Novice: 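My questions will all concern the structure given below.
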There are 2 protein chains.
Amino acid sequence: MSIAVVNKNAKRGSTVKPEAESTSVPSPSSAKVAPRDRIVTTACELFRQHGIRGIGVDAIAEAASTNKMTLYRHFGSKDDLVCETLRVTSEKSDAMWADIETRFPDDARAQLGAWVTALSDCLQRESFGCDIANAAVELKEANHPAHAVIENFKILQRGKLTGLCRRTGTKEPETLADTLLLLLEGARVSRQASGLEGPAQCFQRACRNTLNAFGIGTA
Amino acid sequence: MSIAVVNKNAKRGSTVKPEAESTSVPSPSSAKVAPRDRIVTTACELFRQHGIRGIGVDAIAEAASTNKMTLYRHFGSKDDLVCETLRVTSEKSDAMWADIETRFPDDARAQLGAWVTALSDCLQRESFGCDIANAAVELKEANHPAHAVIENFKILQRGKLTGLCRRTGTKEPETLADTLLLLLEGARVSRQASGLEGPAQCFQRACRNTLNAFGIGTA
DNA sequence: CATAGGTGTGACCGTTCGGTAACAAATGGC
DNA sequence: GCCATTTGTTACCGAACGGTCACACCTATG
């Protein structure tokens, strides 16, 4: 398939510098971070960049300045590692929710506005879509262990957003929440297929319009 | 990766029946369809079901009741075959546009309503998202030949929808078109991650609401 | 009937992949 | 210093993959 293969197996040139020779991805800054954490962080990054099927465990281990054996001692299989990265990603989403909550306590409208802003900013910065939705697209095998993680995250995300919409006092909070979710997922996948100049560029405006239509003027 | 491997190499039992032994996917009904067409049709189906990276050329050839050599005589590489399937898929989209045009000639509002209905129906039936957007998610390698096909399709689709919106006489037709595209892409990816009961279920309602907000009452 | 072009067959190549075995080196708590 | 746990290293396995070769077949056309 194509030329681009990321998995450079056995790059061990020379027996001199055993130092981790600056493997592109600088995620865990090689400081005193446990190998397990380095692996998870690096895997998150590489799965995003190359897709889950597009990167091998060898390459992940090497980029994490460790080796395959250590990886397999922490995660019984690549699938396990995939699940763990999805869990970590979903925890990051939890952190964003918590941050919004603390910034605008007891102000559902402001929180909803902040949610749109935060996701819009995220869309500008990162060229890759929702890792979890991407995983769902990529992993078609039914009974893949990741599906449980994906489903769980999506249900929680939907519940949180629906609750937030309900707290704004709008009628049909479920419809509002689902509409916003469709816009978000659409923007993320569209950004991958068409870039920032594509339909994704109107994500924020579309959200504001939707909020207005539901009687929620942005703060 | 997991257990599920679709590529059953060498299933050639016995030297008796050289007949095409009913290979699950019934796409090209084994009638007098040229091998090339059978391959494309089957590849479309299998890429959708298993993902582009999730199915091998061996399995495609076998499911198309032919063999790998014939496949490679028509398509120089798997990447070529991928591009061809994306082209065929985009032609199917063209056919839908033409159908809508003939059903509601010179009635942009009705055409837009029919577009929403058609895509909504499509969403109910097919459990897989937009093949082209899925390909964009799956094929991260820059300079993959499929990216040209994807980009071309997305630009054309956006142009057509924007034109249609403009013909309805609404103000900000670009924003309306992009919003609808985000809802569509979002619904398709959400359907894969969360099923029909997820946010995708409100796709049609969200589109109607959006059309109303832009002053386009549905016919 | 002969010939040519598309097709089928099966073996094969080189590579990558996920995963394991065996053993050496470091690390840290007692 | 001792010992147990954690890492690193290297080689290896079996399978699947994309892709090719040589050769037999079959069918339509002249």
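All chains are named by letter (A, B, ...) in the order of the sequence lines, taking the proteins before the strands, and each is independently numbered beginning at 1. Quick caveat: nothing in here was measured; it's all calculated off a predicted structure.
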Novice: So, is A:Thr66 near the phosphate of D:dG8, with a side-chain N or O under 4.0 Å from OP1 or OP2?
Specialist: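 Looking at the OP1 and OP2 atoms of D:dG8, one of them is under 4.0 Å from a side-chain N or O of A:Thr66.
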Novice: Are B:Lys154 and A:Glu197 close enough for a salt bridge, meaning some N to O gap below 4.0 Å?
Specialist: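 The answer is no: the pair does not qualify as a salt bridge.
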Novice: Nearest to the side chain of B:Thr70, which nucleotide is it out of C:dG18, C:dG8, D:dG18?
Specialist: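 Of C:dG18, C:dG8, D:dG18, C:dG8 is nearest to the side chain of B:Thr70.
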Novice: C:dG18 P sits how many Å from A:Met69 CE, rounded?
Specialist: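 In whole Å, C:dG18 P lies 15 Å from A:Met69 CE.
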Novice: Send over the distance from A:Asp79 CG to C:dG18 P, rounded to a whole Å.
Specialist: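 In whole Å, C:dG18 P lies 10 Å from A:Asp79 CG.
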Novice: Roughly, in whole Å, what's the span from CZ in A:Arg53 to P in C:dG18?
Specialist: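 Checked: the CZ to P distance equals 11 Å.
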Novice: With a 4.0 Å cutoff (strictly under), does any side-chain N or O of B:His74 reach OP1 or OP2 of C:dT7?
Specialist: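 Checking B:His74 against C:dT7: at least one side-chain N or O falls below 4.0 Å of OP1 or OP2.
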Novice: Round to the nearest Å and state the distance from B:Lys78 atom NZ to C:dT15 atom P.
Specialist: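 The answer, rounded to whole Å, is 19 Å.
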Novice: Can you tell me whether the side chain of B:Arg73 and the base of C:dG5 have a donor-acceptor pair closer than 3.5 Å?
Specialist: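 No such pair is found, so the answer is no.
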Novice: Do B:Asn152 and B:Val149 have side chains that approach each other closer than 4.5 Å (heavy atoms only, starting at C-beta)?
Specialist: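 When only atoms from C-beta onward are counted, B:Val149 and B:Asn152 do not touch, as no gap falls below 4.5 Å.
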Novice: Once hydrogens and angles are ignored, does a donor-acceptor distance under 3.5 Å link the base of C:dG19 to the side chain of A:Lys68?
Specialist: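 Donor-acceptor pair under 3.5 Å: yes.
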Novice: Would you indicate which nucleotide in D:dG19, C:dG19, D:dT7 comes nearest to any side-chain atom of A:Pro35?
Specialist: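 Selected nucleotide (nearest to the side chain): D:dT7.
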Novice: So, A:Arg125 and A:Asp121, do they make that salt bridge, N to O below 4.0 Å?
Specialist: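 So A:Arg125 does not pair with A:Asp121 through a salt bridge.
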Novice: Assess whether a salt bridge exists between B:Arg188 and B:Glu185, defined as any Lys/Arg side-chain N lying under 4.0 Å from an Asp/Glu carboxylate O.
Specialist: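 No, this pair does not count.
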